[in-house]
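First the structure, in the form of structure tokens, and then the observations on it.
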Amino acid sequence: MKYTAAVITVSDKGARGERTDTSGPAVCALLESRGWEVVHTSILPDELELIQTELIRCADEEKIPLVLTTGGTGFSPRDVTPEATLSVISRRAAGLPEAMRAESRKVTPRGCLSRAEAGIRGRTLIVNLPGSEKAAKENLLAVLDPIRHGVEMLLGSGSADCAAEPASPKAPSLDQWLREAKAHPDAPKVGMYLAHNGTVRRTARAKVRQGDESAADVTGLVLSYERETLKTLIAETYRLPGIYYVRVWLNEGRLQVGDDMMTVLVGGDIRPHVVDALQTLVGRIKAECVTEQELYGA
């Protein structure tokens, strides 16, 4: 399976054209030699907000599974790449920079001075590399095999946590989800994908489920959910017959009529298995995971 990657060089002189970037192209060549497809490269100055914006764009908009940065990991006051990375990730992957520093110390005692960070944003792994070409290649070679396994877990079914999307007020793009699902290693086993999109309706629950015609119309609702329960439900869905892909997004907070509440995508071998899995998962999310408080009036 060929995964995509982005390489971002962080260098004031490189961004001004005063120094030729050699670390970025070297990292790209190394990735491509190991089967990765580099789909985005850029050179940025050592500016916190610019680095943050580029990392977020690569992860949230471009949906690139692996984003590598080179430069800005030292002790200089302008070295802010680790701070930019920590500000945009939701989970650290501390073992990667630890392994890179250990490898660097075999070459020079100063390898321990690297402040590189690594972490996860959504389904993207972000890893900081040193700015020099030699050190960047040495560090990347030390962790490239584990990185591939980590990306496979992020994009696949290896972890229930990876299938539960971080909360966002905006529903995900089903077209994008399907593209990512069809790029998954288990995609050849899938004969059908089914999606569920739940929205806030005006009709009260009592009127729909109990036939109470006197129930007033709903103006909105407050939605919350148990994250650990959701992870468990996703993991259990993967154990159903013929199911190879599960992805869930849940909204939360105060919602209005028409707002998206839930998006679920399930892929499996045959229609009966997929239909049953989707119905079971959605039903259990509503019964065991989500709490809804209907709102009435202005």
Side-chain angles (χ1 to χ4, degrees), residues 3-59 62 64-89 92-108 110-121 124-148 150-151:
Y3 293 117
T4 58
V7 177
I8 303 168
T9 299
V10 181
S11 166
D12 284 332
K13 290 184 178 180
R16 293 195 298 263
E18 298 173 1
R19 175 186 294 166
T20 300
D21 175 30
T22 60
S23 62
V27 168
C28 290
L30 181 53
L31 285 171
E32 290 169 347
S33 72
R34 298 300 181 91
W36 293 79
E37 180 183 2
V38 179
V39 296
H40 176 83
T41 61
S42 60
I43 303 178
L44 303 176
D46 294 89
E47 296 288 347
L48 183 69
E49 292 185 359
L50 292 179
I51 302 168
Q52 291 170 327
T53 299
E54 185 76 342
L55 293 175
I56 291 171
R57 186 170 76 86
C58 287
E62 302 298 328
I64 301 172
L66 175 64
V67 178
L68 300 179
T69 69
T70 72
T73 61
F75 279 25
S76 167
R78 295 283 293 169
D79 289 336
V80 295
T81 304
E83 285 70 30
T85 300
L86 289 173
S87 70
V88 302
I89 62 174
R92 294 180 68 194
L96 293 173
E98 288 171 2
M100 292 190 296
R101 280 186 280 270
E103 186 66 22
S104 291
R105 289 203 65 193
K106 296 177 183 178
V107 180
T108 171
R110 296 178 182 178
C112 62
L113 297 179
S114 171
R115 300 189 306 110
E117 291 284 350
I120 297 163
R121 179 182 177 91
T124 296
L125 175 62
I126 301 172
V127 181
N128 302 154
L129 299 172
S132 79
E133 176 184 344
K134 181 175 182 294
K137 291 193 294 184
E138 289 172 350
N139 277 236
L140 182 56
L141 282 170
V143 296
L144 193 50
D145 286 342
I147 280 175
R148 174 172 286 276
V151 168

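Just so you know, residue 1 is the first one in the sequence shown, and it goes up from there.
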Does anything in [range] form a salt bridge (charged side-chain N to carboxylate O under 4.0 Å, His left out)? List the pairs, not counting sequence neighbours.
range: residues 50-59; answer: E54-R57, R57-E62
range: residues 124-139; answer: E133-K137, K134-E138
range: residues 20-40; answer: none
range: residues 10-20; answer: D12-R78, R16-E18

[X] side chain near [Y] side chain, heavy-atom distance below 4.5 Å:
X: L125; Y: P65; answer: no
X: T124; Y: C58; answer: no
X: D46; Y: D79; answer: yes
X: V7; Y: W36; answer: no
X: L140; Y: V127; answer: no

Kindly give the heavy-atom pair with the smallest separation between [X] and [Y], and that separation in Å.
X: P97; Y: A93; answer: CD-O, 3.2 Å
X: A116; Y: M100; answer: CB-CE, 4.4 Å
X: V143; Y: A99; answer: CG1-CB, 3.8 Å
X: C28; Y: V38; answer: SG-CG1, 3.8 Å

Is the backbone of G131 close enough, under 3.5 Å, to the side chain of S23 for a donor and an acceptor to pair up by distance?
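A pair under 3.5 Å: yes.
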Test of understanding: with side-chain contact (heavy atoms from CB on, under 4.5 Å), list the residues that count as partners of [X], not counting sequence neighbours.
X: I56; value: D60, V88, R121
X: L86; value: I89, R92, E117
X: A84; value: L48, I51, Q52

Partners meeting side-chain hydrogen bond (donor to acceptor under 3.5 Å, both in side chains) with [X] (sequence neighbours left out):
X: S114; result: none
X: N128; result: T69, T85
X: T41; result: none
X: R101; result: none

To the nearest 0.5 Å, what is the distance between [atom1] on [X] and [atom2] on [Y]?
X: N139; Y: S104; atom1: CG; atom2: OG; value: 3.5 Å
X: E103; Y: L141; atom1: CD; atom2: CG; value: 8.5 Å
X: H40; Y: T4; atom1: NE2; atom2: OG1; value: 11.5 Å
X: L96; Y: I147; atom1: CG; atom2: CD1; value: 5.5 Å

Please name all residues satisfying salt bridge (charged side-chain N to carboxylate O under 4.0 Å, His left out) with E98, sequence neighbours left out, ordered by chain then number.
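With sequence neighbours excluded, E98 shows a salt bridge (charged side-chain N to carboxylate O under 4.0 Å, His left out) to no residue whatsoever.
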Take L50 and V10 through the side-chain contact (heavy atoms from CB on, under 4.5 Å) test and state the conclusion after the steps.
CA-CA 10 Å; L50 292 179; V10 181; over 6 Å; no
